[in-house]
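Step one of this worksheet: look at the structure below.
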Amino acid sequence: MNEEKVTCKEVMSHICESLSEEINSPKCVAIKEHLENCNGCRSYFDSVETTIDLYKKCTDELPDDVHAKLMNFLGLADIK
Amino acid sequence: MNEELLIASAKNGDRKALSDLVKKYEQTVYSFAFKVCRDREKAENMMQETFYSMIKSLHQFDGNSKLSTWLYRIVVNHCLMEARKSNRYTFVEQETDESLFDEKYIADWSTLPIKNLEANELRKVLDGAIDKLQPEYRVVFTLRDVQEYSTEETASMLGLSIPAVKSRLHRARSFLRNEITKAFQK
């Protein structure tokens, strides 16, 4: 997670930009009020972040035989 | 040798430079292809096609973007073409935002046993979720959240509008977290 501190206004601006809404629009003001008091939405944000972290950790290593086949396919198997 | 020199040498027919470029990016391309195709043999084929295309078209590479970005464009095209041949995915666009963002999925994950799970069990849960996601969504999720390309770069690579990238990313993230939640609630 990026540790850089952001202001509430920046967060709101980002959310509202995604919604194509002006920051002072009634919808954005209502979202701000909701976020301030909603544990569910905070929990949702945390779980999406965890989903991304989990997926990032899944690495698919290139097997040696697949590397060998690739170099052979490209006619580069003789190059060391 | 730095990458610029490697590319210049490879363009001039230096096979060692070409081989070095392939070795530099084969893991990246394979890993991406596997994440999108979800099948070892297909990922292998997509990687071969990608580097074959790279070798064939390297003389057209003008250096205005990174070589890695150029390779992603190629592998994305190959993977999506392959995916369109087999239409077996269960996550369809008809799934409404109402069902994706249903409040029943707003579970507090701090109570789920994610941290206690063995790596291979967790991998199974993730694989099960990702398998259900359409490749068009996997591609956006992987480029944005795993490879950390910007929305603009992703849109440019995929030939999509910025709102379309945002929408697909939002839906992919929500779908995956809902699937993981369901797997733990069983």
Side-chain angles (χ1 to χ4, degrees), chain A residues 1-4 6 10-23 27-28 30-31 34-80, chain B residues 15-20 22-23 26-35 40-41 43-45 47-49 51-52 54-55 101 103 105-110 112 114 119 122-123 125-127 129-130 141-142 144-148 151 163 166-167 170 172-181:
Chain A
M1 173 68 184
N2 189 344
E3 298 287 333
E4 187 186 340
V6 294
E10 283 173 308
V11 173
M12 285 305 295
S13 170
H14 186 74
I15 292 171
C16 292
E17 183 212 342
S18 305
L19 295 168
S20 307
E21 292 271 349
E22 290 298 321
I23 193 155
K27 185 157 194 176
C28 278
I31 288 173
H34 180 93
L35 284 176
E36 278 169 1
N37 301 301
C38 183
N39 290 334
C41 284
R42 269 189 231 121
S43 161
Y44 184 85
F45 180 87
D46 289 344
S47 62
V48 170
E49 194 176 43
T50 305
T51 300
I52 295 167
D53 283 345
L54 291 175
Y55 194 57
K56 268 188 184 169
K57 285 178 192 155
C58 287
T59 51
D60 307 292
E61 294 296 325
L62 178 76
D64 289 343
D65 64 313
V66 176
H67 161 73
K69 275 198 257 178
L70 173 68
M71 300 314 268
N72 201 36
F73 176 80
L74 299 173
L76 296 169
D78 58 316
I79 313 272
K80 294 295 161 208
Chain B
R15 293 173 69 243
K16 171 79 170 74
L18 200 53
S19 167
D20 286 349
V22 172
K23 284 177 188 163
E26 61 181 347
Q27 175 63 62
T28 306
V29 170
Y30 178 78
S31 184
F32 180 86
F34 193 87
K35 279 188 162 62
R40 179 180 151 161
E41 200 182 326
E44 190 181 325
N45 289 339
M47 177 178 69
Q48 289 184 353
E49 292 300 324
F51 284 111
Y52 181 72
M54 179 191 94
I55 291 172
F101 309 123
E103 288 192 11
Y105 295 121
I106 307 184
D108 180 359
W109 275 25
S110 62
L112 299 181
I114 291 177
L122 183 57
R123 181 69 201 245
V125 172
L126 280 175
D127 282 344
I130 291 158
F141 180 74
T142 307
R144 283 286 288 112
D145 281 341
V146 181
Q147 308 302 331
E148 299 183 343
T151 304
K166 285 181 179 175
S167 163
H170 190 36
R173 284 172 173 170
S174 297
F175 177 79
L176 290 175
R177 75 165 290 290
N178 291 354
E179 287 297 309
I180 294 168
T181 305

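So you know, we letter chains A, B, ... as the sequences are listed, proteins then strands, and number each from 1.
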B:E148/A:K56 ion pair, N-O < 4.0 Å: yes
Segment of B:K23 engaging chain A (4.5 angstrom heavy-atom cut-off): side chain
Engaged part of B:Y52 at the chain A interface, taking heavy atoms whose separation is under 4.5 Å: both
Basic-acidic side-chain contact under 4.0 Å: B:R173, A:D53: no
Pair B:F51 and A:F73, ring centroids less than 6.0 Å apart: no
Heavy-atom contact with chain A under 4.5 Å, split by part of B:V146: both
OH-CG distance between A:Y55 and B:D145, expressed to the nearest 0.5 angstrom: 10.5 Å
Which atoms of B:F32 approach chain A - backbone, side chain, both or neither, heavy atom under 4.5 Å: neither
Residues B:R15 and A:D78 bridged, charged N to O under 4.0 Å: yes
Engaged part of A:N72 at the chain B interface, taking heavy atoms whose separation is under 4.5 Å: neither
